[in-house]
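Working notes, beginning with the structure itself.
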Amino acid sequence: MKGDQEFVKEVTSQMVDFSQWYLDVVLKAELMDYAPVKGCMAIRPYGYAIWEHIQQLLGERIKATGHKNAYFPLFIPQSLLQKEADHVEGFAPEVALVTRGGGEELAEKLVVRPTSEAIICSMYAKWVQSWRDLPLLINQWCNVVRWEKNTRPFLRTSEFLWQEGHTVHATEAEAEEETLKMLGVYREFVENELAIPVIAGRKTEKEKFAGALRTYSIEALMSDGRALQAGTSHNLGQHFARVFGIQFQDRDDELKYAWQTSWGVSTRLIGALIMVHGDDRGLRMPPRVAPVQVVIIPIIMKKKREEVLAKARELMQRFAGTLRLELDEREGYSPGWKFNEWEMKGVPLRLEVGPRDLENGGVTAVRRDTGEKSFVPETELEQCLPMLLREIQEGLFQQALRFRRENTRYAENFGQFKEIVVEQKGFVLAHWCGEAGCEERIKEETKATIRCLPLEEMDGGKVEGPCICCLKGRGKIVYFARAY
RNA sequence: CGGGGUGUGGCGCAGCUUGGCAGCGCGCCUGGUUUGGGACCAGGAGGUCGCAGGUUCAAAUCCUGUCGCCCCGACCA
């Protein structure tokens, strides 16, 4: 694609300032707008449509794996949040507290949920009594509030939307299986629907969820070379069951504490979508979640005006049931202006219908991912459009995958490690002994954190080597990166 | 919470040094000509210059205080 700046003056180039590029894009593409409260945003219709597709596509997978949706309260009595020691400690700095209601001081302060383990567990304690009640598989879609100091649209906001699954099981093995199963669901969903390749792995002790036994995550690489945690799945062990009293009587008559999991993805996925696929002309939406999959731009000249419009409207009718398409009939905007605007919004496929196309008996199709133009005869549209969209979906994934491969490097020693982190960015693979001290030192010296201990290597028990940091201990290869 | 920056029509900015009619570009509205990669002409609407106090005949401009926002770090989905 040549001369991007010729076309789009409103978006800062990624090379010049990636962070500014991101902010330009989210605003100009009308995904969100800043609200009066710091760190809070209005998600505009175009941005919310992406979230709705995520809800739909991930939602059906969550249901297909046996989970049911439910809803729990926004307010959590402070005492409930404080039950699990690690949990409180982890969230205390970022909770919002309600101290007054109905014009009176509240007897007990209410926490605005930063996550729902506490309130849900308090309910589960009532619902679980017998092994016959298990497994209990519930999911909720809601908003949560975490008082963040440093906020960025979609990536880190004071309030965000997410989905949180909370399950209860009779055995540790079952809970672990569930934890990994949902991590797998996330991986498949993010790769196939959002076209974002991810590394699935386990978090270190330092990085795990406050109150969890083990935390797993999927990690994606943004096009500026920084990593982003795109989803997490926790094996909560019996930590919460013990403090909330979730017990059940098992087949063997014994009263036992239950095993739990929780897992979630948030509107942060929209941030990932933007940063993985976007380019200097704006967004590039994967067709599967694109609010608009195909935009029709009529090229209205003085002469064939009516014929062109009639054809464009006919196309709308023809595909209204099968594709998400939009016809841009606005007067007073030149075709070129419309091209740029819809490109900024990342619409995967543009169809141009003009006098020339009418004469040739078809439309001009232009791909957002490659910029490639082609002529599609009218008789082949039904076959061609879905095919093009599939190619774009696959193309975006392959492009992101290639980028990740090219930006994943193995470091032999600490010197090389630092050089990669600073100069080249991306994922760095290196041996790590497993000691928190080394993890900490690496972070202090390079700002890179352990993103995860990849599942593949863990299972295979592959090559061990001397720790990149201390050289003494031996360990497996883990993923490092500077992260969002 | 540290470091830096910035607040002037919807957006981007100039004006501040040296106090004296609040301006420019884009966008918006109306009408007309246009329309195959951000068209043009004419007319028009829109701002208590972040907020509070002070100095002055007079403050966007000088002084004091305060708040918001943005960027970079420390902490986090």
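Residue numbering restarts at 1 for every chain, and letters A, B, ... go by the order of the sequence lines.
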Practice prompt. Using the P atom on both, measure B:A22 against B:U48 and round to a whole Å.
Written response: 13 Å

Worksheet entry | Steps toward side chain to side chain contact (heavy atoms under 4.5 Å, CB included) verdict (A:Thr167, A:Leu136) | CA-CA 5 Å; A:Thr167 69; A:Leu136 181 56; over 6 Å; no

Worksheet item: Mapping A:Phe154 and A:Ile299 to their closest nucleotides on RNA chain B, which lands nearer the 5' end?
Response: A:Ile299

Worksheet item: Under 30°, 30 to 60°, or over 60°: which ring-plane class applies to A:Phe209 and A:His234, parallel, tilted or perpendicular?
Response: parallel

Worksheet item: Closest heavy-atom contact between A:Pro348 and A:Ile392?
Response: O-CD1, 3.4 Å

Worksheet item: Among B:U34, B:G38, B:G36, which is the nearest nucleotide to the side chain of A:Asn340?
Response: B:G38

Item to complete: Can you figure out which of B:G73, B:C76, B:G36 approaches the side chain of A:Lys447 most closely?
Response: B:G73

Worksheet item: Who is the Watson-Crick or G-U wobble partner of B:C11, with both distances under 3.5 Å?
Response: B:G25

Worksheet, complete the sentence: The nucleotide from B:C76, B:U35, B:A74 with an atom nearest the side chain of A:Arg305 is B:U35

Discussion item. Considering every strand and a 4.0 Å limit on heavy-atom distances, what is the contact class for A:Phe91: base, sugar-phosphate, or nothing?
Written reply: nothing

Practice prompt. Pick the C1' atom in B:C62 and in B:U17, then give their distance to the nearest Å.
Written response: 11 Å

Practice prompt. Could you please name the option among B:C71, B:G38, B:C76 that lies closest to any side-chain atom of A:Arg152?
Written response: B:C71

Practice prompt. Using the C1' atom as the reference point in each nucleotide, state the distance between B:C49 and B:A60 in Å, no decimals.
Written response: 5 Å

Worksheet item: Does a side-chain N or O from A:Lys302 land closer than 4.0 Å to OP1 or OP2 of B:U34, or not?
Response: yes

Worksheet item: If the C1' atom of B:G65 is compared with that of B:C72, how far apart are they to the nearest Å?
Response: 27 Å

Worksheet item: Is any side-chain nitrogen or oxygen of A:Ser334 closer than 4.0 Å to OP1 or OP2 of B:U35?
Response: no

Worksheet item: With a non-hydrogen cut-off below 4.0 angstrom, is A:Lys303 in contact with a base, only sugar-phosphate, or nothing?
Response: nothing

Practice prompt. Looking at every strand, decide which applies to A:Thr157 at a 4.0 Å heavy-atom threshold: base, sugar-phosphate, or nothing.
Written response: base

Worksheet item: Taking the side chain of A:Asp357 as heavy atoms from C-beta outward, which of B:C1, B:G36, B:A77 is closest to it?
Response: B:G36

Worksheet item: Which word best sums up how the rings of A:Trp337 and A:Tyr333 line up, parallel for under 30°, tilted for 30 to 60°, or perpendicular for over 60°?
Response: tilted

Worksheet item: So, do A:Arg318 and A:Leu315 sit near enough that their side-chain heavy atoms are less than 4.5 Å apart?
Response: yes

Item to complete: Write down the distance between CD (A:Gln20) and P (B:U6), rounded to a whole number of angstrom.
Response: 15 Å

Discussion item. Classify A:Pro93 by what it touches in the nucleic acid, base, sugar-phosphate, or nothing, heavy-atom distance under 4.0 Å.
Written reply: nothing

Discussion item. Classify A:Ile297 by what it touches in the nucleic acid, base, sugar-phosphate, or nothing, heavy-atom distance under 4.0 Å.
Written reply: nothing

Discussion item. Of the listed nucleotides (B:C76, B:G37, B:C69), which one gets closest to any side-chain atom of A:Lys38?
Written reply: B:C69

Discussion item. Once you apply a heavy-atom cut-off of 4.0 Å, does A:Ser19 come out as touching a base, just sugar-phosphate, or nothing?
Written reply: sugar-phosphate

Worksheet item: What interatomic distance, in whole Å, is found between C1' of B:G10 and the corresponding atom of B:U18?
Response: 33 Å

Item to complete: Name the nucleic acid region contacted by A:Phe160, choosing base, sugar-phosphate or nothing; use a 4.0 angstrom heavy-atom cut-off, strictly under.
Response: base

Item to complete: Have a look at A:Asp17 and say if it touches a base, only the backbone sugar-phosphate, or nothing, with a 4.0 Å heavy-atom cut-off.
Response: nothing

Worksheet entry | From B:A74, B:A77, B:C75, nucleotide with atom closest to A:Lys443 side chain | B:C75

Practice prompt. Check every strand shown and say whether A:Glu352 touches a base, only sugar-phosphate, or nothing at a heavy-atom separation below 4.0 Å.
Written response: base

Fill in: Name of the residue among A:Arg367, A:Arg284, A:Lys28, A:Arg350 meeting salt bridge (charged side-chain N to carboxylate O under 4.0 Å, His left out) with A:Glu343
A:Arg350

Fill in: Side-chain donor/acceptor of A:Glu341 to base of B:G38, under 3.5 Å
no

Worksheet, complete the sentence: Of B:A39, B:G37, B:U35, the nucleotide closest to the side chain of A:Arg350 is B:G37

Discussion item. What contact category does A:Thr364 fall into here, base, sugar-phosphate, or nothing, at under 4.0 angstrom with non-hydrogen atoms?
Written reply: base

Practice prompt. Look at A:Lys206 and B:C75 and indicate whether a side-chain polar atom (N or O) is within less than 4.0 Å of OP1 or OP2.
Written response: no

Discussion item. When you measure only distances, ignoring hydrogens and angles, does the side chain of A:Arg156 come within 3.5 Å of the base of B:C76 through a donor and an acceptor?
Written reply: yes

Worksheet, complete the sentence: Between A:Gln229 and A:Tyr34, whichever has its closest RNA chain B nucleotide further toward 5' is A:Tyr34

Worksheet item: Just by distance, do the side chain of A:Trp259 and the backbone of A:Ala241 share a donor-acceptor pair under 3.5 Å?
Response: no

Fill in: N/O (side chain, A:Tyr186) to phosphate O (OP1/OP2, B:A77) under 4.0 Å
no

Worksheet item: Across all strands, who's sitting opposite B:C76 as a Watson-Crick or G-U wobble pair, both distances under 3.5 Å?
Response: none

Worksheet entry | Integer angstrom distance from the P of B:G3 to that of B:C76 | 22 Å

Worksheet item: How far does CD of A:Gln55 sit from CD of A:Gln163, to the nearest 0.5 angstrom?
Response: 9.5 Å

Practice prompt. Name the pairing partner of B:A42, where a pair is Watson-Crick or G-U wobble with both distances under 3.5 Å, or state none.
Written response: B:U30

Item to complete: Just call it for A:Lys338: base, sugar-phosphate, or nothing, with non-hydrogen atoms closer than 4.0 Å on any strand.
Response: nothing

Worksheet item: With both distances kept under 3.5 Å, what pairs with B:C69, Watson-Crick or G-U wobble?
Response: B:G5

Fill in: Base partner of B:A52, which must satisfy Watson-Crick or wobble distances under 3.5 Å
B:U64

Discussion item. Rounding to an integer number of angstrom, what distance separates B:C28 and B:G5 when you compare their C1' atoms?
Written reply: 30 Å

Discussion item. Work out how far the C1' atom of B:G32 is from that of B:G37, and round it to whole angstrom.
Written reply: 25 Å

